[in-house]
Amino acid sequence: MKPQKNLGIWMDHSIANVIDLKSKTHNQSIESHFDFEIKKEALAKSESLMHNKKQQMDDAYFKEISDVILNYENVILFGPTNAKTELHNYLELDSHFKDIDIKVVPSDKMSKNEKVAFVLNYFYN
């Protein structure tokens, strides 16, 4: 039986920590480029523009994360905000992810070691 390729992603709307337990460093980060300055700039022009800009940048953020997910068989999305659910909904619209088992689990803010332990516990206990 071939070993499963498991991935944990702790995320909120600003950063995603990608945790591959088979990797030597365990962790890579993907950052959203929608920050306070961009929000302030867009909001100064119009609220509608700000929402459109946020949607575009969230889509780019989710696309970057989804490119990583394609290399795995089992994925757990966890974190303190609803960003994990938004990503899950984004992935469900794409048929490339239909054979990947993706679960969403709520969690709190965590240190790097706590995130790795959470993923270890989820996949191996």
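The chain is numbered in sequence order, starting from 1.
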- Side-chain ion pair, D59 and K63, N-O less than 4.0 Å: no
I'd like to know if the side chain of [X] and the backbone of [Y] have a donor-acceptor N/O pair within less than 3.5 Å.
| X | Y | value |
| --- | --- | --- |
| W10 | P80 | no |
| S32 | I15 | no |
| K84 | G79 | yes |

Which pair of non-hydrogen atoms, one from [X] and one from [Y], has the smallest distance, and what is that distance?
| X | Y | result |
| --- | --- | --- |
| S29 | N17 | OG-ND2, 3.0 Å |
| M110 | K115 | O-CE, 3.2 Å |
| L7 | I19 | CD1-O, 3.4 Å |
| Y61 | I30 | CE1-O, 3.5 Å |
| D12 | T81 | CA-OG1, 3.4 Å |
| K109 | E114 | O-OE1, 4.5 Å |

- Task: Please test K22 against K5 for side chain to side chain contact (heavy atoms under 4.5 Å, CB included), starting from the C-alpha separation and ending with a verdict.
- Result: CA-CA 8 Å; K22 302 253 192 267; K5 291 183 76 178; over 6 Å; no
Euclidean distance, [Y] [atom2] relative to [X] [atom1], rounded to 0.5 Å:
| X | Y | atom1 | atom2 | result |
| --- | --- | --- | --- | --- |
| I76 | F118 | CD1 | CZ | 4.5 Å |
| L70 | D99 | CG | CG | 11.0 Å |
| I9 | Q28 | CD1 | CD | 9.0 Å |
| L77 | I102 | CG | CD1 | 6.5 Å |
| I69 | L91 | CD1 | CG | 5.0 Å |

- Taking atom types as modelled, find out whether Y122 and N6 have a side-chain donor-acceptor pair closer than 3.5 angstrom. no
- Message: Please tell me whether N113 and S111 have a donor and an acceptor in their side chains that are separated by less than 3.5 angstrom.
- Response: no
- Could you please spell out the steps behind the side chain to side chain contact (heavy atoms under 4.5 Å, CB included) verdict for M11 and V18? CA-CA 8 Å; M11 66 183 298; V18 179; over 6 Å; no
- Task: Spell out, yes or no, whether F62 and L93 are grouped together once hydrophobic residues are joined by side-chain heavy atoms under 4.5 Å, including indirect joins.
- Result: no
- Message: Working note: Y124 + L21, criterion side chain to side chain contact (heavy atoms under 4.5 Å, CB included); need CA distance, chi angles, decisive distance, verdict.
- Response: CA-CA 11 Å; Y124 300 105; L21 299 173; 3.5 Å; yes
